[in-house]
There are 2 protein chains.
Amino acid sequence: MQMADADSRPTLADVAARAGVSKSLVSLVMRDEPGAGAETRRRVLKAADELGYHPDSRARLLRSGRSRLLGVVFGIQHAFHVDLVTALYTAARDSGYELALSAVTPDRDETEATTGLLQDRCEALIMLGPQTPAHALARLTTRLPVVVLARGVRGADVIRTADADGLHLAVDHLGRLGHQRIAHIDGGRAPGAADRRRGYREAMDASGLSRHVQIVAGGLTEQAGTTAARALLDQSHPPTAITVFNDRCATGVLDVLLRGGKRVPEDVSVVGYDDSHLARLAHINLTTVAQDVHTMTKLAVARAIERIEGADVAHRTIVVPPQLVIRGTTGPATT
Amino acid sequence: MQMADADSRPTLADVAARAGVSKSLVSLVMRDEPGAGAETRRRVLKAADELGYHPDSRARLLRSGRSRLLGVVFGIQHAFHVDLVTALYTAARDSGYELALSAVTPDRDETEATTGLLQDRCEALIMLGPQTPAHALARLTTRLPVVVLARGVRGADVIRTADADGLHLAVDHLGRLGHQRIAHIDGGRAPGAADRRRGYREAMDASGLSRHVQIVAGGLTEQAGTTAARALLDQSHPPTAITVFNDRCATGVLDVLLRGGKRVPEDVSVVGYDDSHLARLAHINLTTVAQDVHTMTKLAVARAIERIEGADVAHRTIVVPPQLVIRGTTGPATT
DNA sequence: CCGTTTTCCTGGAACGTTCCATAAGTCGAG
DNA sequence: CTCGACTTATGGAACGTTCCAGGAAAACGG
């Protein structure tokens, strides 16, 4: 009859046989649900313990139709994504859901990363700064709830920072320090770059500095920062302050300045974006616009779970205010 | 009849109904097994695509008793781990196994990361520079195959770089450039640090530079690098060359040197370790000891699969030779 | 003492796959 | 033709759970 094989794990049926009850009853007891007598309950637990029984989560999940899994698609090379994932773990900790990570690498695109998560039957997807075109995202949302972080897109739930406001903060700060020739090194087509460019322009206009507006093509990497910085320094009237698309790019800028014999912030002020761990390092000590990672991830998890549990309202965009973190790379204008 | 519910995901049966074939046949096609005609195969794939069907891995592995999952435990904050994970995806690509990522964060320790993977029924674990004590690792290996990357430990399969050799390469290179006062900023208790310290000592001895041996406490971060570098520069006779535990720490060192008015490599040469993407950046351009990420990850995946498929030999350590990558931070000694 | 509720328990049908046994058709050889 | 061998397809039994409908026995209220 029912024999617990030596090589295969014991099942509900094995425990039931040993305790002399039905499978259903054992199932109840294991889940700590009411409906079993005190004495029987003890007997079942004893039998389970003796057999070294552990419920098989795959079968459990299969039957109950739930995986309690939140899929996360992220770029493992992006410092800021790493910060977000770290915070997501914390945010998900007490929600009753687990995180399933799927990385985008130079050799593994977003489609592949997403497919993997779908096979794991994640109940919702949290995508960090996805590059997937809007229509493909829209198609995804018909299959399962999708929360997009750090990129604005129609047809999905979005949590993002008020990037334009972020550049207002940066420009205003520099303006108060007396800077006029404030340049911006942008992020090209990266998520958020357009908003930051717009914010920069608006803020310059609002401060009456329209004629000093100067936008240089940058990118997400140190490399992009060095190239852009060199271009700026080669001018006859280089800027006295630079706002940069993100921290990583800003470290490239800093490096060029230092090597070019410019002092920071005495000769040139620099403001980054993200407040990634890079910016906090004592020797970089970068003034930067902080995205509220804690709030964003908390909201993302909450939103995903709301969707899973049936909230069926229209997709909503939540915009989180940024905050300026003043450190050592900004100072009074001297020119 | 069989209707694809709007709210529930499509199953094999749905695809079968739409393509006008049996569930079994669809199953074959999805697994890319022989036994289906070319025309039918196409029809099935089309139907699956139209429905947006994705196989349910839980049901799949419940039935087959396998998960075909390799669990990866890694520190998401470590640049080098990120490089390794990236390469692991590539290495696993054609093996028939998938990767399940579980990150260690400041808020989520290795035990937690490991437990998660065990519940997912991974068939083997690949652990990157784990801090878990040896006896706990040993207990793990009784439950499933464990491959340890970038850390030497008894009682498990280990793939690591010949770290001592790495420092031989670095010191010899500096020696040939005429350097004598070559210091080492170490990695404390980090995996590999002890070997690198030893390699440094041996190489100095072998070059007849024993009396110039100087080891300063460092660590894995930029922060640690800055502290150590300051300590070195404060000396009456500062070294003309520095070997550093890893690239990240080395960037901290570089920063202190630049700010202190030292030119690199004219005044001081610096050698890093790992050849992480950090080192390759044009403006850092760090001479460094490269770990052969490609080979290491390939071996790790192969080893894990061998174990899964029953190889029951003793645990083995595979040591991969490092390679010196000469870039711009090393030059002839001038003192 | 009879109905009604409550408590404790059981059997069997799902969940979405894979795997096995088998069948129908095709083809070439004897 | 008939036989076997191959190819292509099918139906149904697992896998280890949970969930649902129900049933027997005990408890309760009148």
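Here is the naming used below: chain letters follow the sequence lines, and residue numbers restart at 1 for every chain. Remember, it's a predicted structure, so these values are computed and weren't measured experimentally.
As a whole-Å value, the separation of A:Asp32 CG from D:dT18 P is 13 Å. Here the P atom of nucleotide D:dT18 and the CG atom of A:Leu25 are 13 Å apart, to the nearest Å. Remark: C1' of C:dG16 and CG of B:Leu61 are 11 Å apart, rounded to the nearest angstrom. Atom CZ of A:Arg60 and atom P of C:dA14 are 22 Å apart (whole Å). Rounded to an integer number of Å, the gap from B:Glu33 CD to D:dT8 P is 14 Å. If you take CG of A:Leu28 and P of C:dG11, they are 14 Å apart, rounded to a whole angstrom. We find that CG of A:Leu62 is positioned 12 Å from P of D:dG16, with the value rounded to whole Å.
In this structure, A:Arg31 reaches the sugar-phosphate backbone alone: every heavy-atom distance under 4.0 Å involves primed, P, OP1 or OP2 atoms, never a base. Contacts of B:Pro55 with the nucleic acid, taken as non-hydrogen atoms under 4.0 Å apart, involve only primed sugar atoms and P, OP1 or OP2. Within 4.0 Å (heavy atoms only), A:Thr40 reaches sugar-phosphate atoms of the nucleic acid but no base atom. Among the heavy atoms of the strands lying under 4.0 Å from A:Gly37 are primed sugar atoms or P, OP1, OP2 only; no base atom is included.
Under the 3.5 Å distance criterion, with hydrogens and angles disregarded, a donor-acceptor pair is assigned to the side chains of A:Thr132 and A:Glu110. The closest side-chain donor-acceptor pair between B:Ser276 and B:Asp83, if any, does not fall under 3.5 angstrom.
Between B:Ser27 and the phosphate of C:dT17, there is no side-chain N or O to OP1/OP2 separation shorter than 4.0 Å. For B:Ser22 and D:dT10, the shortest distance from a side-chain N or O to OP1 or OP2 is below 4.0 Å. At the phosphate of D:dA14, neither OP1 nor OP2 sits under 4.0 Å from any side-chain N or O atom of B:Arg63.
Each of B:Ser64 and B:Ser24 was matched to the nucleotide of DNA chain D holding its nearest heavy atom; the match closer to the 5' end belongs to B:Ser24.
A salt bridge is defined here as a Lys NZ or Arg NE, NH1 or NH2 lying under 4.0 Å from an Asp or Glu carboxylate O, and A:Asp157 with A:Arg316 fails to meet this definition. The pair A:Arg160-A:Asp195 counts as a salt bridge, with a side-chain nitrogen and a carboxylate oxygen less than 4.0 angstrom apart.
Put simply, OG1 on A:Thr11 and NE2 on A:His54 are 14.0 Å apart, with the number rounded to the nearest 0.5 Å.
A donor-acceptor pair under 3.5 Å is absent between the side-chain atoms of A:Arg151 and the main chain of A:Val148, judged by distance alone. Formation of a donor-acceptor pair under 3.5 Å by the B:Arg303 side chain with backbone atoms of B:Ile159 is not found in this model.
Residue B:Ala59 places its side chain closer to C:dT17 than to any other of C:dC9, C:dT17, D:dG16. Nearest to the side-chain atoms of A:Leu12 among the listed nucleotides D:dG11, D:dT18, C:dT17 stands D:dT18.
Counting atom types as modelled, B:Lys23 pairs a side-chain N or O with a base atom of C:dT17 as donor and acceptor under 3.5 Å.
Judged as a salt bridge (charged side-chain N to carboxylate O under 4.0 Å, His left out), the pairs with a partner in residues 63-82 of chain B (not counting sequence neighbours) are, in order, B:Arg66-B:Glu123.
Comparing the axis of the opening five pairs of the helix from C:dC1-D:dG30 to C:dG30-D:dC1 with that of the closing five pairs yields an angle of 40°, rounded to 10°.
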